*Asks:* 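Structure in structure tokens, see below.
Bear in mind that the values here come from a model prediction, so they are computed numbers and not experimental data. Note that these values count all heavy atoms, side chains included, but never hydrogens, waters or copies made by symmetry.
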Amino acid sequence: MHLGTASGQGAIFATQRHCGTHGNRLVALRQPVHHGGQTPPACRPAVRGLHVASAFGGRRAPQQQQQSKVERGLGESDELQMWMDRLMRLQPTTRSVALLQLLRIEEEGAYAGLVGGSPGAAAVAADDLDGEGGLSSSSRGGGAIGADAGFRDRQGTRNSWSAELEPRHARMVTELVSGTTRWRRRLDYTLAALLKGHSVASLDAPVRNALRLALYELVELQNAQHGVVNSYVDLVKGIMHIGAGNLTNGVLRNVTRGLKEGSLPQPQPPTKGMSPEAAAEALAIGASHPTWLVAAWLKQYGPAATMALLKYNNSRPRYSLRLAPGTDAEAFCRKLAENQVRAEPSRYLPSEYVTVDTGLQSLLREGLVQRGEAQVQDEAAGLVVALLDPQPGESLLDACAAPGGKTLFAAARMRGQGTITALDLSASRLEALRRAAERQPDGRMVKVCASDLRRFATLRIRPGAAMDASTLALAAAAPAARRSIGERDGGSPGGDSGGAAGRQPWHYDRVLLDAPCSGTGVLAKRADMRWRRTPAMVAELAALQSELLNAAAVLVAPGGLLVYSTCSIEAQENQDQLAAFLKRHPEYALEPPSPSAGLPPQCLSPDGCLRMLPHQHGTDGAFAARLRRQGAAVEAGEPTAAV
């Protein structure tokens, strides 16, 4: 009775049970008992808009003599903060820490990899580098956690509270947070059946997430039922009220009864004769993905590949380490084996990466990243840099650089010779990148610049120049910088004269545009991301990608290279984006990688693009195209060459 099977349609067995008002059955949902026109706090709703009969029969509980939320003037965010504060007054346990993490994920926009203690999260905590699996706080359209100082202060308090856990309990928190987030939609299907017509979304956040955690433990992990039920009931009572605890108890007692009888509600798999829409819905519920995304994959990849992709996304992710320059991969793996860590050289970049099966968290806690020995980074991200193939002595612009893993890998491949400008909107993320670069022997060549690429492309700053605020202000004041990209190109990108004569001081030999994207290629590591994306968001990102490509195009020297990459597996952001760019910019041509780049043939599409699919290659999903600028006319106007 596991949530996942080979088909992605594993079983949560159950049938619906009627709500009762006694024994172990679900407590009745009813209208409040009023005393003097007020609702007793003991009966405050665990289901928004409804009230739960409490053990006090509508009387105020002695320990809960407090005003209602309305009387206190609390909004939703204030109430959430109140619940979190109450939770942290309790003794930290595996389950209380996991509940706090889920509240942060759902309500504050944190992500499971960071709060759940995954290997990728350890890299973030150490360096604010996330192995290229997530989105930076600005250039990638929304970050792992909020950037305001108040949030960081609260997060520091929460980290110190949960730091009391032993390592084995911290690993269990990771399992609970990641698993519950991954299977959320399927769990909610079962809970909705037990709530008898009331949506899971209508529950207050602590009740909703406590029920999800408990159901995951009971069904997927098959933990001892008595301990699971009592622990989560006590947690909910401790941070909310007895009525909410009674509701939690009733639902979970019905879960345990359904497990015993083999009657717990489960989503039905697609059947023959279903419409495509109904089949996508059934498959999406069973595999716990958004329906729109499953429907898109069925259309793009077909049923068999979609099923394999869903299975991969719902499995525990694998991680890779990029080694410090000069490190022997075989010797590194032997050293790890001495510490009971299983690792082997990468199938795709065997001299620069190793893949780790078990024990990575312990290595990260011991300071592997801080000492500069390795960096958590997926092989797919490294293959993007291999496609770029930067050479010593060249100038390189990493146009959306944060969190910086590709920047530092490029510096290593250039052996510290040349210049790299790392551009991103987020100054704090760039500062983390700069600190990481200082620990890398070749990192001194990296200069960071906090700017939007679309603005930066108008400033005409010489590669290698100081990239501080005064430089940007000086460049922005220059007359040439006041023109738009379209004006500078004369609105006709096809009118190039070609050849090196068109090179300008602000041009780069190579530009990497690792564009903001939907991130659908990293859903195995970022389980929460599947719940944060919408079709409208993908369309907005595609429009942004188009603008960024136009900006990047004018910064490439004639004969130079532009590499466009994403961690998306959607054609709208990849193949379609590439085709539209080439139509707009006939001065660019798609070309395959050079043999010296060392890209394995199985990673390339027939047209020479890098195309990594998680279920085929066992890595993050990624796309990258190598575009050669054939030649360009000298742009009109004086460049700010002195900057």
*Asks:* Any sub-3.5 Å donor-acceptor pair from S320's side-chain atoms to T355's backbone N or O?
*Replies:* no

*Asks:* On a heavy-atom basis, which atom in S518 and which in L541 lie closest, and how many Å separate them?
*Replies:* N-CD1, 3.5 Å

*Asks:* For the pair V97 and L100, evaluate side-chain contact (heavy atoms from CB on, under 4.5 Å) and give the outcome as yes or no after the intermediate values.
*Replies:* CA-CA 5 Å; V97 172; L100 180 68; 5.7 Å; no

*Asks:* For the pair T256 (side chain) and R253 (backbone), establish whether a donor and an acceptor sit closer than 3.5 Å, ignoring hydrogens and angles.
*Replies:* yes

*Asks:* Is the shortest heavy-atom distance from the side chain of D188 to the side chain of L191 under 4.5 Å?
*Replies:* yes

*Asks:* Looking only at non-hydrogen atoms, find the nearest pair between S288 and W183 and report the distance.
*Replies:* OG-C, 3.1 Å

*Asks:* I'd like to know whether E220 forms a salt bridge (charged side-chain N to carboxylate O under 4.0 Å, His left out) with R212, so could you lay out the CA-CA distance, the side-chain angles of the two residues, the decisive distance to 0.1 Å, and finally the verdict.
*Replies:* CA-CA 11 Å; E220 176 67 8; R212 287 168 174 165; over 6 Å; no

*Asks:* Can any side-chain N or O of T306 pair as donor or acceptor with the backbone N or O of W297 at less than 3.5 Å?
*Replies:* yes

*Asks:* How long is the straight-line distance from CD of Q340 back to CG of L363, given to the nearest 0.5 Å?
*Replies:* 10.5 Å

*Asks:* Among residues at least two apart in sequence or on other chains, which ones pass salt bridge (Lys or Arg N to Asp or Glu O under 4.0 Å) with R95?
*Replies:* E217

*Asks:* Closest approach of L293 and E570, non-hydrogen atoms and distance?
*Replies:* CD1-OE2, 4.0 Å

*Asks:* To the nearest 0.5 Å, tell me how far E344 CD sits from L336 CG.
*Replies:* 12.0 Å

*Asks:* For the backbone of I569 and the side chain of T520, can you confirm whether one donor and one acceptor N or O come within less than 3.5 Å of each other?
*Replies:* yes

*Asks:* Once rounded to the nearest 0.5 Å, what's the spacing between atom CG of L310 and atom CG of L298?
*Replies:* 8.0 Å

*Asks:* Taking C-beta and beyond as the side chain, do L309 and L613 meet within less than 4.5 Å on heavy atoms?
*Replies:* no

*Asks:* Whether the R316 and T174 side chains hold a donor-acceptor pair (N or O, under 3.5 Å, no angle test) is what I'd like checked.
*Replies:* no

*Asks:* Between N314 and A287 (side chain of the first, backbone of the second, donor and acceptor by atom type, cut-off under 3.5 Å), is there such a pair?
*Replies:* yes

*Asks:* Can you tell me which residue among H617, R318, R322 is in a side chain to side chain donor-acceptor pair (under 3.5 Å) with E379?
*Replies:* R318

*Asks:* Quick one, K311 and N313 - any side-chain contact, counting heavy atoms below 4.5 Å?
*Replies:* no

*Asks:* Under 4.5 Å between any side-chain heavy atoms of V376 and L321, yes or no?
*Replies:* yes

*Asks:* Measure across S178 and A527 and return the closest heavy-atom pair with its distance rounded to 0.1 Å.
*Replies:* O-CB, 4.4 Å

*Asks:* A side-chain contact here means heavy atoms from C-beta on lying under 4.5 Å apart; do L247 and L203 qualify?
*Replies:* yes

*Asks:* Can you sort out the partners of A308 under side chain to side chain contact (heavy atoms under 4.5 Å, CB included), two or more places apart, ordered by chain and number?
*Replies:* H615

*Asks:* Are the side chains of L235 and L90 in touch, meaning some heavy atoms are under 4.5 Å apart?
*Replies:* yes

*Asks:* Could you report the tightest heavy-atom contact between G245 and K237, atom names first, then the distance?
*Replies:* CA-CG, 3.6 Å

*Asks:* Ignoring hydrogens, what is the shortest heavy-atom contact between A524 and P317? Give both atom names and the distance.
*Replies:* O-CG, 3.7 Å

*Asks:* Does L283 form a side-chain contact (heavy atoms from CB on, under 4.5 Å) with M307? I'd like the steps, not just the answer.
*Replies:* CA-CA 9 Å; L283 183 57; M307 294 292 290; 3.2 Å; yes

*Asks:* Can you tell me how far apart NE2 (H289) and CH2 (W531) are? Round to the nearest 0.5 Å.
*Replies:* 7.5 Å

*Asks:* Report the C-alpha distance between T291 and R185 in whole Å, list the side-chain angles of each, state the deciding distance to 0.1 Å, and finish with yes or no for side-chain contact (heavy atoms from CB on, under 4.5 Å).
*Replies:* CA-CA 10 Å; T291 300; R185 187 176 186 188; 2.9 Å; yes

*Asks:* With a 3.5 Å distance limit and no angle check, can you tell me whether R429 reaches the backbone of A402 through a side-chain donor-acceptor pair?
*Replies:* no

*Asks:* CG/L252 to CG/L215 distance, rounded to the nearest 0.5 angstrom?
*Replies:* 8.0 Å

*Asks:* So V369 and Q375, do their side chains get closer than 4.5 Å, heavy atoms only?
*Replies:* yes

*Asks:* Sub-3.5 Å donor-acceptor pair from the side chain of S231 to the main-chain atoms of V228, do we have one?
*Replies:* no

*Asks:* Counting C-beta onward and ignoring hydrogens, is there a side-chain heavy-atom pair between E175 and L221 closer than 4.5 Å?
*Replies:* yes

*Asks:* For Y232 and L211: C-alpha separation, side-chain torsions, deciding distance, then whether side-chain contact (heavy atoms from CB on, under 4.5 Å) applies.
*Replies:* CA-CA 8 Å; Y232 286 108; L211 287 174; over 6 Å; no

*Asks:* Nearest 0.5 Å, what's the CD-CG distance between Q377 and D620?
*Replies:* 10.0 Å

*Asks:* Counting only N and O atoms by type, is there a donor-acceptor contact under 3.5 Å from the side chain of D204 to the main-chain atoms of P206?
*Replies:* no

*Asks:* Looking at R530 and R182, would you say the former's side chain and the latter's main chain have a donor-acceptor pair under 3.5 Å?
*Replies:* yes

